[in-house]
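Scroll down for the structure; my scribbles are underneath it.
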Amino acid sequence: MYERLKGFRDFYPGEMQARRTVIDAMESVAKRYGFREVGTPALERTRMYVDKSGEEIVDELYSFTDQGGRDVALTPELTPTVARMVVAKQQELSKPIKWYSTRPFWRYEEPQQGRFREFYQTNVDVFGSSDPAADAEILAFAADSMTDLGLTGEEFEFRVSHRDILGGLLSAFEADVDVRAAVRAVDKSAKIADEEYYDLLVDAGLDYDEARQFDSLLGSEDLDELVDFAGTERVDEAVGNLRAVLDAAEDFGAREYCSLSLETARGLDYYTGVVFECFDSTGEVSRSVFGGGRYDDLIESFGGQPTPAVGVAPGHAPLQLLLQRAGVWPDEALSTDYYVLQVGDTRPTAARIARDLRERGNVVETDVSGRSFGAQMGYADSVNARTVVIVGERDLENGEVTVKDMASGEQTTAPVDDFPGERDAPTYDDFAV
RNA sequence: UCCGGGUUGGGGUAGUGGUCAUCCUUCAGCCUUGUGGAGGCUGAGACGCGGGUUCGAUUCUCGCACCCGGACCCA
């Protein structure tokens, strides 16, 4: 017996069917917005992640040296890859570039609820537009995905913040504050005690009174107050940008799912503008389901022309938890349209019927194990066959097959030459008198 | 990497320092090559791994692995 690797999962048909339904729903929304699918490698050079995130990142990667001596890593996220792709073909791609992709990623970390070492995400990004409408389109894609999956505004919310508001306010307090550390403190603030939060802000360079004031400003949600307090062009512009995004989201039908929450910060290493996180508003532990935001500097830092970008990446595992808690996780029960049952040596006719039904798009099974009548019927039942077509020697002598509806148990005969005939999906009702 | 709780057939369980480890379910075959959900018969399938204590360990003990949850992290 071989055991599965820690943090990796197997998906058996029932769960996989439900996952497929969810993936198809999200990708369908992305396609309707004109996002185009891209395919990307599972391996990239380790250096790409180190340059972006620092040497410590290597501990979180599945990284190794390949047989050609290259230091490579299984991709822990998509953003650097698509940034690389944008830079490589920058001149020939028409802007805005709108791409999506669903695939697994790998991080060497401890599994937790909704977190695994191999995990799936659907990434959706816009490159080349700094217009607030681009941010809003990402929010609208995310909102449409959630509602198409059966969720309502009662069950999730997008907490929207703006990195430049945070950074601008912090700079207004102290010119040389450690913005990164302070933002990280903000990101944690909901989970830790106020005192601990203030201590972290103090560590970042504020004094204690400033920390309290900063906290209170973030909580007020009065954007005008923030502008007045800071009195800087940067905060003024950031607030204007956030408002413009929310206005556009209103027009795109996504505003009702958004709430202003400056205490939402995300990890934020490369975020530059609007950031948001999707929260489960029904769950007892309101942890972030997924997040996204604007990262205008990344492409340039990858060696490209300055190219603004905004994106979102719903992770399938936390999304699954949310959908299950909301009671809208798709049905995992498998179904079969037809089971073509053979009695005696009737394979030529049974196979012809099965092929005809399949050509019409039905899910059709027939015996491939030489089983008895009763065993075939039991199998048909176990795979939730809707209709069983009995192809038996006795009926064939009369030029007939038997059509049985498994739910009711009723059955009737049909002329073998007229089955399925012109019908796409014949049932018992089509032949019952 | 750290903390807490777990681990007995595929799933769910009972139990014990000593005969063939309990029961339910599942799966396969048969009763049943003309009728599934019921029933019967037969079969498959487990003490996570390693060390220690012991005449003997699934049971006691230590370590590890894995699972669940949490911390850190969340690019």
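Letters A, B, ... mirror the listed sequences (proteins, then strands); counts begin at 1.
At whole-Å resolution of the value, OH in A/Tyr339 and P in B/G36 are 14 Å apart. With rounding to whole Å, A/Gln376 atom CD is found 11 Å from B/G34 atom P. If you measure from atom CZ of A/Arg163 to atom P of B/A75, you get 12 Å, rounded to the nearest angstrom. If you measure from atom CZ of A/Arg4 to atom P of B/C67, you get 7 Å, rounded to the nearest angstrom.
Applying the salt bridge (charged side-chain N to carboxylate O under 4.0 Å, His left out) test to residues at least two apart or on different chains, the pairs with a partner in residues 326-352 of chain A are A/Arg352-A/Asp356.
Here the side chains of A/Pro41 and A/Arg84 are in contact, with some heavy-atom distance below 4.5 Å. Counting only heavy atoms from C-beta outward, the side chains of A/Val58 and A/Thr46 approach each other to under 4.5 Å.
The stretch residues 76-86 of chain A touches RNA chain B through A/Pro76, A/Glu77, each having a heavy atom within less than 4.0 Å of the strand. Contacts between residues 292-310 of chain A and RNA chain B, counted as heavy-atom distances below 4.0 Å, involve no residue at all.
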Polar-atom pairs under 3.5 Å, protein N or O versus N or O of nucleotides 24-29 of chain B: list them with distances, or write none.
residue, atom, partner, partner atom, Å
B/G29, OP1, A/Arg371, NE, 3.3

Tabulate below the donor-acceptor pairs under 3.5 Å that side-chain atoms of residues 138-149 of chain A make, not counting sequence neighbours, or state none.
residue, atom, partner, partner atom, Å
A/Asp144, OD2, A/Tyr33, OH, 2.6
A/Ser145, OG, A/Phe141, O, 2.9
A/Thr147, OG1, A/Ala143, O, 3.1
A/Thr147, OG1, A/Asp144, O, 3.1
A/Asp148, OD2, A/Arg32, NH2, 2.9

Please list every donor-acceptor pair under 3.5 Å in which a side-chain atom of residues 70-78 of chain A meets a protein atom from a residue at least two apart or in another chain.
residue, atom, partner, partner atom, Å
A/Arg70, NE, A/Asp66, OD2, 2.8
A/Asp71, OD1, A/Thr65, OG1, 2.9
A/Thr75, OG1, A/Arg103, NH2, 2.4
A/Glu77, OE1, A/Tyr270, OH, 3.3
A/Glu77, OE2, A/Lys52, NZ, 2.6

Return all side-chain donor-acceptor pairs below 3.5 angstrom for residues 296-321 of chain A, not counting sequence neighbours, or 'none' if the list is empty.
residue, atom, partner, partner atom, Å
A/Asp296, OD1, A/Arg294, NH1, 2.8
A/Asp296, OD1, A/Ala309, N, 3.1
A/Ser301, OG, A/Leu298, O, 2.7
A/Thr307, OG1, A/Gln90, OE1, 3.1
A/Thr307, OG1, A/Gln305, O, 2.8
A/His316, NE2, A/Thr122, OG1, 3.3
A/Gln320, NE2, A/Glu15, OE2, 3.1

Show me, pair by pair, the donor-acceptor contacts under 3.5 angstrom made by side chains of residues 408-416 of chain A, not counting sequence neighbours?
residue, atom, partner, partner atom, Å
A/Ser408, OG, A/Asp405, OD2, 3.0
A/Ser408, OG, A/Glu410, N, 3.1
A/Ser408, OG, A/Glu410, OE1, 3.4

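For the C1' atom pair drawn from B/U7 and B/C49, the interatomic distance equals 12 Å after rounding to whole Å. Going from the C1' atom of B/G50 to that of B/U25 covers 33 Å, rounded to whole Å. Nucleotides B/U8 and B/U13 are separated by 9 Å at their C1' atoms, to the nearest Å.
By the ring pair (Phe, Tyr, Trp, His ring centres under 6.0 Å) test, A/Tyr428 pairs with no residue at all, sequence neighbours left out. Contacts of A/Tyr208 classified as ring pair (Phe, Tyr, Trp, His ring centres under 6.0 Å), with partners at least two apart in sequence or in another chain: A/Tyr198. For A/Tyr108, the ring pair (Phe, Tyr, Trp, His ring centres under 6.0 Å) partners are A/Tyr62, not counting sequence neighbours.
Taking side-chain N and O atoms only, A/Arg115 has no distance below 4.0 Å to OP1 or OP2 of B/G69.
With B/C66, B/C73, B/U35 as the choices, the nucleotide that has an atom nearest any side-chain atom of A/Lys6 turns out to be B/C66.
Remark: A/Lys188 does not engage A/Glu196 in a salt bridge, criterion side-chain N to carboxylate O under 4.0 Å.
Using a 4.0 Å heavy-atom criterion, one finds that A/Gln113 contacts the sugar-phosphate atoms exclusively.
Residue A/Gln411 places a side-chain atom within donor-acceptor reach of the base of B/U35, judged by atom type and a 3.5 Å distance cut-off alone.
The side-chain tip of A/Arg9 does not point at the ring of A/Tyr120 from less than 6.0 angstrom away and within 45° of straight on. In this structure, A/Arg163 is not positioned above the aromatic face of A/Tyr271 in the sense of NZ or CZ being under 6.0 Å from the six-membered ring centre and within 45° of the axis.
In RNA chain B, runs of at least 3 stacked Watson-Crick or G-U pairs (N1-N3 plus N6-O4 or O6-N4, or N1-O2 plus O6-N3, all under 3.5 Å) give these stems: B:1-7 with B:65-71, B:10-12 with B:23-25, B:26-31 with B:39-44, B:48-52 with B:60-64.
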